[in-house]
Number of protein chains: 2
Amino acid sequence: MELGERKKKILRAIVEGYIATGEPVGSKTLLQETGISVSPATVRNDMADLTRDGFLYQPHTSAGRAPTQTGIRYYIDNLMELKAPSQRACDYINQKLSSCADTPENLLRCAAELLSDYTGFCAVTTTPPSDGARIHRIHILGTGRHTAMAVLVTTTGMVRSKLFRCNFVVTAEITEVLQKVLNKALSGVPLSEMSKPFMQTVAASFGELLLFTPQALVALMDIAQQAQEIQLCTAGQQRILFMPDVDVHTARGLLSFQQSSEQVAKLLFSHKNGLRTLIGTECRHPELLRCTLISARYEIQGVTAGSVALFGPMRMDYAQCAGAVGYIAKAVGNLLDEMVDI
Amino acid sequence: MELGERKKKILRAIVEGYIATGEPVGSKTLLQETGISVSPATVRNDMADLTRDGFLYQPHTSAGRAPTQTGIRYYIDNLMELKAPSQRACDYINQKLSSCADTPENLLRCAAELLSDYTGFCAVTTTPPSDGARIHRIHILGTGRHTAMAVLVTTTGMVRSKLFRCNFVVTAEITEVLQKVLNKALSGVPLSEMSKPFMQTVAASFGELLLFTPQALVALMDIAQQAQEIQLCTAGQQRILFMPDVDVHTARGLLSFQQSSEQVAKLLFSHKNGLRTLIGTECRHPELLRCTLISARYEIQGVTAGSVALFGPMRMDYAQCAGAVGYIAKAVGNLLDEMVDI
DNA sequence: AGTTAGCACTCGGCACACGAGAGTGCTAAC
DNA sequence: GTTAGCACTCTCGTGTGCCGAGTGCTAACT
């Protein structure tokens, strides 16, 4: 729906006023706080139209107007001006992120913390998905008399490790042989193929070595499994209880929702690129009915990869928060670009 | 203070009634639900005494009595019978714990989850402190063109790793030499000595190799640092919002408190062995004013090590929860005993 | 046709009162 | 030391009345 200029101004003023105070905005206060020079009655007429068309609602007859979800959506799509973080904030963010850029996990943890600190809401970042990653190299190290460590390096540069117990005494000779055999058998194998049946056929080919390999194979399978899962970094969950307009019920819902990593990952990956804001029912999840989710996909080498996201209440400074999410997603992408190294 | 038998019975009935219902208990209901065969008036007299002595309080004149913190403390110390988990629950716990007993971290994460699931409250476990641990062995692996991985095995069997970037191309020859040199220089060194000045003197002794070692040394220093810190595993934080009698203020306090790992670790390690229950102000922390903390130290090879703990509301089934904390701490200790392997 | 002034109207929030019910403390008798 | 009886206190839910903010409508104006 196309709105007239004045109605746009009024809608914008109401959305921003409501965001700032949490109170429905009346025709009189609206005129005081904007430069619009018409009478309150005119504003009321426009407000009545906007209410009829679903952009505003009245909590009760003698209250002002607050924006509906539709109204906020229109504001975001047509009226809002994205606010990038200030120069000082950008400098701070870049400096912090660079200092954590040793591994992707660390960088993403740091990014989540920064975003949460900056906005005061709950931030979530994801590692890049490992689509099509293959096994690049395997290391086997002895770490104890009966324990060893399997390290898996993928073609995407990801490194994951896992300890496993052995029912034989671990010696340098054995780990060396194991490592050689495993690399020979598994180098180049896609992570997605590291299934139980496949491992059994691999194990069958080991002949007399079979005695020493089972635990290592199980560990490698676990690592491959785990490496394919998207890792989530969450920061500022405790802030959920400090968010404006968040009642216990909403807080419970949001916390419960975030307990399921799969659920969160699925939601964050349900848009393909750029910045997206979902408000209330747009999240398509009953537990997020009163929440906002702002998320951005970051890119590595020009390809859409992981996600940077912010969970907040329905009433938030969308312009500022979306600006921050977008900025941090870009920064994370750039740093991960530099990190690619195989 | 020594109480008469009937008063003990009455206090116990009030504490347990209050725990079960959350409502102050009246003289009449008390008689209905216990086998005490005296008149309500007698009970009222005793209740008046118990109130005067600080064990009970009245929210208002026409309400029954609820236990004060002093009353609950007396109940825990003198009246309560610890309830161990049922045979079935024990079997379940043991089976779950065994299946996670590959690394101490995993086991403790699993223990926290079990404790939280069993009680419905928020559980925290800690890894054993690494007092006096020394470097047992160091592995250096190439993981990318410019990245490598340092793995540190301590004399206590702990294994920790960290990736680091190198400003030279990482080859098998270099990692092998590095590993040899680092092991020679650092094996047997206590983690607590891995400080910056010490590392500088070590670096100085490397001669021409100096070019290749700085990043590895920094990584090892970081690992040593990190390995000396107590790791906390927290489970069921989202349950804080579902606990009975927990208002938003208390929930905020508890969540904020748990944000600081040092703070939590300090509190958990402030008793030396066995089972401890702290209620309300006994926690000596304003944010835990309305909370209960039940914690137990587990032992490895007969020596007090880490801690298993439960954060809950003031009103909880102390007998059951303390029983569970105690049981799981024992189970964790036993499994860690078996895991020691150097 | 759009804008404005005026005015009656609606409704939430607050204060207050009132009765019912639960549970007590006190007194006098056992 | 224990008990029965009774008056008392306090919370909670309900109902009433008033205030004020903000509206919608109508009629007049540009």
Side-chain angles (χ1 to χ4, degrees), chain A residues 1-11 13-68 71 245 247, chain B residues 1-11 13-68 71 245 247:
Chain A
M1 172 169 308
E2 196 44 50
L3 293 180
E5 275 314 307
R6 195 181 56 217
K7 282 189 183 169
K8 281 188 186 174
K9 268 189 190 164
I10 290 174
L11 178 54
I14 290 176
V15 172
E16 293 181 349
Y18 179 74
I19 285 171
T21 66
E23 299 291 320
V25 181
S27 53
K28 229 170 162 178
T29 25
L30 190 149
L31 286 175
Q32 277 171 14
E33 292 176 14
T34 61
I36 308 179
S37 52
V38 291
S39 78
T42 308
V43 174
R44 279 205 291 279
N45 283 333
D46 283 349
M47 281 160 87
D49 289 348
L50 287 168
T51 305
R52 173 174 41 80
D53 297 337
F55 295 103
L56 302 177
Y57 76 97
Q58 266 182 300
H60 54 85
T61 328
S62 67
R65 301 301 211 288
T68 60
D245 303 338
D247 53 33
Chain B
M1 171 171 308
E2 197 43 49
L3 295 179
E5 274 315 306
R6 194 181 58 217
K7 281 189 183 170
K8 281 188 186 174
K9 267 189 191 164
I10 289 175
L11 178 54
I14 290 177
V15 172
E16 293 181 349
Y18 179 73
I19 285 172
T21 66
E23 300 291 320
V25 181
S27 53
K28 228 171 163 180
T29 25
L30 191 148
L31 286 175
Q32 277 170 15
E33 293 177 13
T34 60
I36 307 179
S37 51
V38 292
S39 78
T42 308
V43 174
R44 280 206 290 279
N45 284 332
D46 283 350
M47 280 159 88
D49 290 349
L50 287 167
T51 305
R52 171 175 41 78
D53 297 338
F55 295 103
L56 302 178
Y57 76 98
Q58 266 183 302
H60 54 85
T61 328
S62 68
R65 300 301 213 288
T68 61
D245 303 337
D247 53 33

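No experiment lies behind these values; they were computed from the predicted model shown.
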Interatomic distance, [X] [atom1] vs [N] [atom2] [rounded to whole Å]:
{"X": "A:D46", "N": "D:dG24", "atom1": "CG", "atom2": "C1'", "answer": "14 Å"}
{"X": "B:H60", "N": "D:dC10", "atom1": "NE2", "atom2": "C1'", "answer": "6 Å"}
{"X": "A:Q58", "N": "D:dA21", "atom1": "CD", "atom2": "P", "answer": "16 Å"}
{"X": "B:L50", "N": "C:dG25", "atom1": "CG", "atom2": "C1'", "answer": "16 Å"}
{"X": "B:K28", "N": "C:dG25", "atom1": "NZ", "atom2": "C1'", "answer": "16 Å"}
{"X": "A:K7", "N": "C:dT3", "atom1": "NZ", "atom2": "C1'", "answer": "14 Å"}
{"X": "A:I14", "N": "D:dG22", "atom1": "CD1", "atom2": "P", "answer": "12 Å"}

| Nucleotide forming a Watson-Crick or wobble pair with C:dA29, both distances under 3.5 Å |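 With both distances under 3.5 Å, C:dA29 matches D:dT2.
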| message | My understanding is that a pair needs two contacts under 3.5 Å, Watson-Crick or G-U wobble. By that rule, which nucleotide pairs with C:dC16? | response | D:dG15
Given [options], the nucleotide with the shortest approach to the side chain of [X]:
{"X": "B:R65", "options": "C:dT4, C:dG25, D:dT23", "value": "C:dG25"}
{"X": "A:A41", "options": "D:dT2, C:dT24, C:dT4", "value": "C:dT4"}
{"X": "B:S39", "options": "C:dT24, D:dT3, D:dG24", "value": "D:dT3"}
{"X": "B:N45", "options": "D:dT3, D:dT23, D:dC10", "value": "D:dT3"}

| query | Is the count of non-hydrogen atoms from other residues, nucleotides or ligands lying under 6.0 Å from A:K9 atom NZ greater than 12? | reply |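 Result for NZ/A:K9: open.
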| field | Spacing of CG belonging to B:L30 relative to CD belonging to B:E16, to within rounding of 0.5 Å | value |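 CD of B:E16 is found 11.0 Å from CG of B:L30.
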| query | Think B:T61 has a side-chain N or O under 4.0 angstrom from the OP1 or OP2 of D:dT11? | reply | no
| query | If you take all heavy atoms of A:R6 and A:D46, which pair is closest and at what distance? | reply |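 Nearest heavy atoms, A:R6 then A:D46: NE-OD2, 2.6 Å.
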| task | Taking all heavy atoms of B:A13 and all of B:T34, pick out the closest pair and write down the distance. | result |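 Closest approach of B:A13 to B:T34: CB-CG2, 3.4 Å.
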| field | First of B:S62 and B:R44 reached from the 5' end of DNA chain D, by closest nucleotide | value | B:R44
| task | Would you classify A:A63 as touching base, sugar-phosphate or nothing, given that sugar-phosphate means primed atoms plus P, OP1 and OP2, and contacts are heavy atoms under 4.0 Å? | result | sugar-phosphate
